[in-house]
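First comes the structure, then the notes that go with it.
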Amino acid sequence: MNNLKLGVHVVSAHDLMPKDGQGSSSAFAELHFDGQKFRTTVKEKDLSPVWDETFYFNISDPSVLPHLALDVYVYNHNRATNSRSFLGKVSLSGTSFVPHSDAVVLHYPLEKRGIFSRIKGELGLKVFITNDPTIKSSTPAAETNVIHNHAQAPKSEPHPHQDHQHNHGGPVNTSREATYQEVEEMKMKAQAPPPKIVRMHSASAAQPVDFALKETSPYLGGGRVIGGRIVHADKTSSTYDLVERMQFLYVRVVKAHDLPNMDLTGSIDPFVEVRIGNYKGVTKHLDKNDHPEWNVVFAFSKDRLQASVLEVKVKDKDLIKDDFVGIVRFDLHEVPSRVPPDSPLAPQWYRLEDKKGEKVKGELMLAVWLGTQADEAYSEAWHSDTAGIDIQSSAASALLRSKVYHAPRLWYVRVNVIEAQDLIPNEKNRFPEVFCKAQIGHQIMKTKPVQARTLNSLWNEDLLFVAAEPFDDHLVLTVEDRVAPGKDEIIGRVIIPLTQVDRRADDRLIPSRWFHLEKPVAVDIDQLKKEKFASRLHIRVCLDGGYHVLDESTHYSSDLRPTAKQLWKPTIGVLELGILSAEGLHPMKTRDGRGTSDTYCVAKYGHKWVRTRTLVDSLSPKYNEQYTWEVFDPATVITVGVFDNCQIGGKESSGVHKDVKIGKVRIRISTLETGRIYTHSYPLLVLQPNGVKKMGELHLALRYSCTSFANMMYQYSRPLLPKMHYVRPFTVMQQDMLRFQAMNIVAMRLGRAEPPLRKEVVEYMSDVDAHLWSMRRSKANFFRLMSVFSGLFAVGKWFGDVCMWRNPITTVLVHILFLMLVCFPELILPTVFLYMFLIGIWNYRYRPRYPPHMNIKISQADTSLPDELDEEFDTFPTSKSPELVRMRYDRLRSVAGRIQTVVGDVATQGERFQALLSWRDPRATAIFVTFCLVAAIVLYVTPFQVIAALAGFYALRHPRFRYRLPSVPINFFRRLPARTDSML
C-alpha cells in the first residue's frame, strides 16, 4: 500500500493587497494538488495573516510526482456577499519536494493570475514528503462555506520527531519520514523527455603538437567511435559503453567447513590459495578455526592468463612450511560467463581432493565465473596485477580499490552577536574591555573589543563559519575580558549544538535568543546561590541554506546549487565519463632497480568524487572504468586528475609519503555538444620549478546527454549563483576565508574515508592555491586582456587606414555606407545585429570539435623565467633567503609602479572631464560654457542628419587636408587641470 503523502505547512503571508475597500483584507489560502483541495481558516482584517496550519495530500502515483504541481491560491473573503477576490498564487513543481528533515520555511512572492492583476506580498510555506503510515489525509474542503468548515490549527510547528496535531486535531506521529534517497528514486521513475542537441564552441590558441589534444577512435563497449558517434554498434554491450570491455576470471571464496585437524593441538589455521599459471592470490589465515569464513573475491585478467586450469588450494598456516589440506580444480573452458544485469552467480559447495584427485575430508564454498569490469565484484576484488601487495593487510588492500565518495553537505553558519548584559568581571577596579569569541572546530572568529562601562556590551556583528553534515562540532561562544595585550580572561561561555540551530533558505529574520553564560571552571555553589543575576548573551544564530558554499576555485566550480535541497532545480542532463587508460607516464619511483609508477585517477564533479583502482607497477595503465553524474548547470567543470600512490611502498629515494600529482584535465560542460562522444587523449601537463613538463597522456571518453532542453536553455537566463549571494552578498575577504575553511573541511572528511582521499589530492583537484600571487599568471592575464581588446585595436587600425585613404575604393564605399546610415538612422541597429548574425553563421563552419584544454601559450608556461617559477612554488609565508626575497620585492615594486602610473593616467583623464564645468580653470570653463551655448543654438536650428554627415566627412577627410599637430579639442582637453597638483 502506498503511504506516501505530501505535507504542506501554511505559515503566514506578508504585505497583501487590500481588497475590502477599507484598506485591509480577510485572507484565506486554498491548496490544490492532484485533484485534491483544502482551505485554511479566514483571518479577518489582516494584511499579514498567520495561519500556522498543516495539510496532507495523498500521492496516488509516486512515479508521476515530478510532473505534478502544488498550487496555492490566496483569496480575500467578503462576508457580506459570501464571495472572494484574488490576492495572488504560488505554484511549486513536484521536483522541488523534499523530505521533512530537509524542508525549511520559504517565503514565495505571490504571482499574478493575469496581465492586469494588481498583486503584491509573500506567502510562507513549508512543503515536504512523508511516508508515515499513521498520518491521515486531511478532509477535503467543502465547496460552500469557507469559514465554518475548518478547525483552528496549532500555533507552533512541532519537531519532526515529536507527536503533533494536523489541522483537524487528530494525533500524528512523524517520527518516520521519507528519506531523500527514496524521494530521488521515486522521481527518477518518471520517464525523461528525449534529449535535444545543442551545439557550442570555444576558441583555443595554437601550441606545440606534443602538448596538443589528440582525437582518437577507440573500440569501446558500444562499438567503434568515429567522429563522436558509435558505428558498428555491439548489440550485446551493457550500459558500460564508454570503456573498453575487459574480461576477468572471478573467484569468490566464501567459506569452508568440516576441515581436518592438522596441528598437534587438534586444530587448524586455514587459508586459501588461488593459483592460475604464474598468478597467485592468498586469503587471510584464521587461527584455530575449522569452519572459516573469508568471503573474498579474486579477479584475474583474462588477457594475462597462461593456463587452462584454475587451482584453489586449502592450506594450514605453519611456522616452517604450510601444510596441504585439499584442492579444487576448474577447467576454464567450463567456467560460465556473466554480464550484468544478470543476478550474481550462487556459490556452491565443492568437496576437497588430494593431489591425486581422491576425495578427502572438508568442503569449500566457491563461485567461479567470467565477467567484465561492469561486475559488482570488480571494485571489491583482489586483482592479479597487485600480486606484490599482501592481501592480508586490509589497509593496503583498501588503498588499491576503486571507490565513490560523496563530499559532505556544507552550510554557512551566521552568528549575529548582538549584546551581553550583567557582565561580572574578575577585576572590580576597572571597566572590562569585552569581546566575544565564537568557535566551531578549528574556526575561530572574534568581535571588536568594547569597553563595558555599564557592565553591558553592544556589538551587533556578524560572524560567519562553515559547517558540514553531520554536525560533529558545537558552536562555542565565549565572552572574554582583555586584561592586557595578549592576556584575556574568560567571563563566561555558552555551548550551542548545531543540530538545534534554525535553518533558513532566504533572508527572513531568525528570532534572537538570550543565553545564560556559564563559568568555564568550577566555582563555589554557595556563591552562585548568593548571586541574584547571571550574565547573559544575546545572539541570533542560523544555518544559511540559501547560499552555495564555495569549496573550490570560482573559475572551475563543479556545482552551483544552494545548500537547501528545497531550492534545487530539476536536472538538465547526465554526464558520463569513461576513464580508459594512460600512456607514456614518467616513472615516479624506483622498485627493484627500475623506474615505475602505481597510478590511480580521481574525478570530481559536484558532491560526487570517484577514484579508480590503483594499477601497480605500470607506466601504461588501463583503467576502463565508467562513472555517471547528474548535471544541474552547464556552466560547471569536471576535473580528472592522475596521481601516483605512495602509500603502498617502493619509494626508495626518499621518505615522502604524499601522493604525487601527475597531471589533471578540466572540461567545461557548456563546451560539449549534446549526445556526442568525445574520445581524446589529453596531455598531462605539470608546471615544475624548472618549467612545464608533459608527464604522459590520459585517454578519456566523455558524453553529455540532455534530459530537458527547456530547462537547459532556461539556465542561461538565471543568475550563476543562488539568490542569497546577491541579496546579502559577502565581502571579498569573507569569501576567501570561507572558501579556505570549506576546502579544509572537505579535505578532512574525504581523508577519513576508506580508502582515504588524501589532503594533497583534494587540494590539487580544488585548485586551493589559485589565488596566490604569480608573475606568470599576471602576465598571462595581461595578455588575455590584450587579446580581448585586439578586435577593437584591429577595427581602430582599419578605420585609421580608411581615414588616411590607404585604399581609395574602400574609403569611398565607407563614405557611401555612412551617408546611407545618416539618411536612414533606423537601419543602424538592424545592420549591426545582421552583421553579427552573419559572422556567427560563418564561424559555425569552423567551430571547435573538441573541448578546450590547458594551453601552455595562454598560461605563459613556456616563456616564464626560472626565477619566476621558483617564486610561484615558494611557500606562504616565504621560506627563501632574505637576499632573494629583497630582489623579488624590488621587482614587484617595479611592476606595481608601472601599474600605478597607468591607474594615475586614467584618473587624470577623468578628473579633466570633471574640470570642464567645475571652474577650477575659470578661462577654460568659460570657453567650454560659451561653446556649449553656441552648439545648442546650432544643433537646434540644424537637422541632426546634416550635423552627423558633416562630422563624418570631416573625420574621413583626405590626408591633404590633415595636419600633423594635434587637433584643437585635444589641445584644449590636455590643458585642463587635474588633482595631480594635490598629490604629495
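All values below were derived from every heavy atom in this structure, side-chain atoms included, with hydrogens, water molecules and symmetry-related copies excluded.
Under the salt bridge (charged side-chain N to carboxylate O under 4.0 Å, His left out) test applied with Glu469, the options Arg749, Lys565, Arg503 reduce to a single match, Arg503. Between Arg540 and the options Leu509, Val415, Asn460, Asp462, a side-chain contact (heavy atoms from CB on, under 4.5 Å) holds for only Leu509. Of the options Asp559, Thr639, Thr636, a side chain to side chain donor-acceptor pair (under 3.5 Å) to Tyr605 is made by Thr636 and by none of the others.
Proximity of a side-chain donor or acceptor of Gln439 to a complementary backbone N or O of Leu477 within less than 3.5 Å is not detected. Side-chain atoms of Asp544 never come within 3.5 Å of backbone atoms of Gly546 as a donor-acceptor pair (strictly under, hydrogens ignored). Put simply, the side chain of His548 gets close to the backbone of Arg561: a donor and an acceptor are under 3.5 Å apart. Within the 3.5 Å criterion, the main-chain N or O of Pro634 finds no donor-acceptor partner in the side chain of Gln715.
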Q | Full working for side-chain contact (heavy atoms from CB on, under 4.5 Å) between Trp514 and Ile539 | A | CA-CA 7 Å; Trp514 287 93; Ile539 61 173; over 6 Å; no
Apply side chain to side chain donor-acceptor pair (under 3.5 Å) to Asn744 and His442, showing your working.
-> CA-CA 10 Å; Asn744 286 337; His442 298 290; over 6 Å; no
Steps toward side-chain contact (heavy atoms from CB on, under 4.5 Å) verdict (Ile510, Arg504): CA-CA 8 Å; Ile510 297 294; Arg504 69 176 184 179; 4.0 Å; yes
Is there a side-chain contact (heavy atoms from CB on, under 4.5 Å) between Leu92 and Val127 once you walk through the steps?
CA-CA 9 Å; Leu92 302 179; Val127 185; 3.7 Å; yes
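Between Trp51 and Lys43, the shortest heavy-atom contact is NE1-CG, 3.5 Å. Closest of all the heavy-atom pairs between Glu461 and Lys446 is OE1-O, 4.4 Å. Closest of all the heavy-atom pairs between Trp568 and Thr563 is NE1-O, 4.2 Å. The shortest heavy-atom contact between Leu123 and Ser12 is CD1-O, 3.4 Å.
When the shell of 6.0 Å around NE2 of His538 is examined, it contains more than 12 heavy atoms from other residues, nucleotides or ligands. Atom NZ of Lys608 has more than 12 heavy atoms from other residues, nucleotides or ligands within 6.0 Å. Sparse packing is recorded around CD of Glu518, with 12 or fewer heavy atoms of other residues, nucleotides or ligands lying under 6.0 Å away. Residue Phe740 places its CZ atom among 12 or fewer non-hydrogen atoms of other residues, nucleotides or ligands, all under 6.0 Å distant.
A cation-pi arrangement is absent between Arg536 and Phe515 under the rule of less than 6.0 angstrom and at most 45 degrees off the ring axis. In this structure, Lys448 is not positioned above the aromatic face of Phe435 in the sense of NZ or CZ being under 6.0 Å from the six-membered ring centre and within 45° of the axis.
Remark: the Arg414 side chain and the Tyr547 side chain contain an N/O donor-acceptor pair separated by less than 3.5 Å.
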